[in-house]
Number of protein chains: 2
Amino acid sequence: MKARFTLAEIQQHALAIVDREGLAGLTMRSLAASLHTGPMTLYNYVKGREALEELVVDAVAARVDTPALTDDWAADTRAAAGALWRTVRAHPAAVPLVLTRRTSSATGLAPAEALASALTRSGLADADLLAAFRAVMAFVMGLAQAEVAGPLAPEGAAAAEAERIGALTEGTLPALSRLSSVSAAHAHEEFDRGLALVLAGIQQAAEARVGT
Amino acid sequence: MKARFTLAEIQQHALAIVDREGLAGLTMRSLAASLHTGPMTLYNYVKGREALEELVVDAVAARVDTPALTDDWAADTRAAAGALWRTVRAHPAAVPLVLTRRTSSATGLAPAEALASALTRSGLADADLLAAFRAVMAFVMGLAQAEVAGPLAPEGAAAAEAERIGALTEGTLPALSRLSSVSAAHAHEEFDRGLALVLAGIQQAAEARVGT
DNA sequence: ACCTGAACACCGTTCAAGT
DNA sequence: ACCTGAACACCGTTCAAGT
């Protein structure tokens with residue numbers, strides 16, 4: 001019998017379920033139902049649950065539209081990081097998978113390649129180039145992590161944001177609870193400001209190298 | 001009947017199982033067996049599976065020994081970030097939980113408080129202070145993420161590290177595969193170098209403020 | 001070769017009964 | 001109050017039988 005589905009179809013259905021019902025809503029059985037088959041059919045396309053979850057990560061990565069290159073490596077770095085950030089953020093329920101499942105497909109690695117490519121044109125030497133890549137990538141993933149499970153993240157959608165930390169710590173964690181109220185006011189610019197700080201350090205290293 | 005266990009006991013057993021057998025090894029049933037009880041007994045101490053996982057995260061956070069404060073905020077920031085990094089890294093199997101489960105206990109938030117406290121003494125204004133906190137915290141968590149599931153992480157313990165990316169991408173992801181070989185050579189200093197880049201950007205912002 | 005129902009070995013948790 | 005066995009509703013996956 002011919003193959004009834006394509007891998008891309010399965011990917012799309014899986015990501016759609018995660019987006020719609022959350023991570024717990026994705027099971028072999030629910031995905032099979034979404035495709036109008038029995039659970040066992042899936043095993044003709046995917047090795048098992050774990051491979052399915054990697055497929056979801058690939059599906060998210062595939063939605064990142066890598067921006068066109070310019071002659072400004074710093075701008076390209078910002079663009080690559082921003083594109084990844086926006087896409088990951090658009091699929092909050094998939095973030096736990098994005099953070100913990102590794103990809104080795106070309107599409108899954110494409111956003112990292114775009115970032116690496118931009119940074120390579122900074123002229124940094126190997127060790128610093130690697131550190132810069134690590135720092136920017138970690139910033140993007142770490143910020144996504146913070147939004148899902150970080151200490152300043154609002155608990156429920158409706159809960160007042162600053163309340164949680166403020167109430168629970170009652171002055172025992174003063175620095176953190178102050179930041180918590182700042183966060184409520186500056187949520188919209190946290191990515192840009194944070195990335196600017198990281199990039200400032202990288203640019204400084206790149207310029208120091210040109211100077212010598 | 002008196003309470004047979006303390007929460008701390010349960011925490012230690014749970015973390016020990018994760019460290020020893022991996023995340024999949026921790027189930028209500030396996031934890032109960034480790035404590036020589038039935039699974040139902042656990043529900044007297046913990047609301048359910050999810051609360052248990054948060055307890056594991058707290059247990060990891062509790063093992064971070066926050067370093068003593070000095071009069072150098074940048075050094076204290078490095079020390080706070082380093083202490084968190086080393087502890088998280090010492091429990092690789094727990095990293096997926098650390099990344100995805102939120103804590104609201106005081107012990108769970110203590111490492112973040114230490115970091116916030118150090119950065120507060122930089123003199124940065126609110127928005128930049130928050131951005132700096134975000135950047136450093138994201139760097140630490142993002143680097144832990146990269147080690148577990150990032151594009152340059154070795155697949156298996158025995159697999160040659162550069163092979164994976166190199167072989168699979170065969171020149172289609174040139175920048176990334178070059179970084180992959182650099183990574184093999186510089187693994188030991190990636191944290192320090194990356195953090196130095198991030199801190200350079202933060203210090204630059206702090207000095208610019210002093211100058212005006 | 002690709003498909004897929006039945007069955008198995010798990011899992012978290014509800015319920016109800018113990019002390 | 002705190003404990004806990006039995007039972008239930010799931011889950012991923014093996015197996016074997018279909019085409």
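Letters A, B, ... mirror the listed sequences (proteins, then strands); counts begin at 1. For the numbers below, each heavy atom of this structure counts, side chains included, while hydrogens, waters and symmetry mates do not. Because the structure is predicted, anything quoted here is derived from the model rather than measured.
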Practice prompt. Would you mind reading off the distance between B:Leu42 atom CG and D:dC3 atom C1', rounded to a whole angstrom?
Written response: 12 Å

Practice prompt. In whole angstrom, give the distance that lies between atom CZ of B:Phe5 and atom C1' of D:dT4.
Written response: 12 Å

Worksheet entry | Interatomic distance, A:Arg49 CZ vs C:dC10 P [rounded to whole Å] | 19 Å

Worksheet item: Between B:Phe191 and B:Trp85, what is the ring plane arrangement, given parallel below 30°, perpendicular above 60°, and tilted in between?
Response: parallel

Worksheet item: Closer than 4.0 Å, any side-chain N/O of A:Tyr43 to the OP1 or OP2 of C:dT4?
Response: no

Practice prompt. Considering only NZ, NE, NH1 and NH2 on the basic side and carboxylate oxygens on the acidic side, decide whether A:Asp126 and B:Arg178 come within less than 4.0 Å.
Written response: yes

Worksheet entry | Nucleotide nearest A:Arg4 when distance is taken to its side chain, options C:dT4, C:dT14, C:dG12 | C:dT4

Fill in: Contact under 4.0 Å: B:Tyr45 side-chain N or O vs D:dC2 OP1/OP2
no

Fill in: Lys/Arg-Asp/Glu bridge criterion (N-O < 4.0 Å) met for A:Glu147, A:Arg89
yes

Worksheet item: Once you round it to whole Å, what is the distance between P of C:dC8 and CE of A:Met40?
Response: 14 Å

Worksheet item: Backbone N or O of A:Ala83 within a donor-acceptor pair of the A:Thr87 side chain at under 3.5 Å?
Response: yes

Discussion item. Would you say B:Thr41 places a side-chain N or O within less than 4.0 Å of OP1 or OP2 belonging to D:dC3?
Written reply: no

Worksheet item: So, B:Thr27 versus B:Arg49: side-chain donor-acceptor pair below 3.5 Å or not?
Response: no

Fill in: Partner nucleotide, any strand, of C:dA1 [Watson-Crick/G-U, under 3.5 Å]
D:dT19

Discussion item. Looking at A:Leu179, is its backbone amide N or carbonyl O close enough to the side chain of A:Ser183 to form a donor-acceptor pair, meaning the two atoms are under 3.5 Å apart?
Written reply: no

Item to complete: May I ask you to list the residues of residues 19-39 of chain A, by number, that have any heavy atom positioned under 4.0 Å from an atom of DNA chain D?
Response: A:Thr27, A:Met28, A:Arg29

Worksheet item: How long is the line joining CG of A:Asn44 and C1' of D:dG18, in whole Å?
Response: 13 Å

Worksheet item: With both distances kept under 3.5 Å, what pairs with C:dT13, Watson-Crick or G-U wobble?
Response: D:dA7

Fill in: Test item: side-chain donor near acceptor, A:Ser105 and A:Thr107, under 3.5 Å
yes

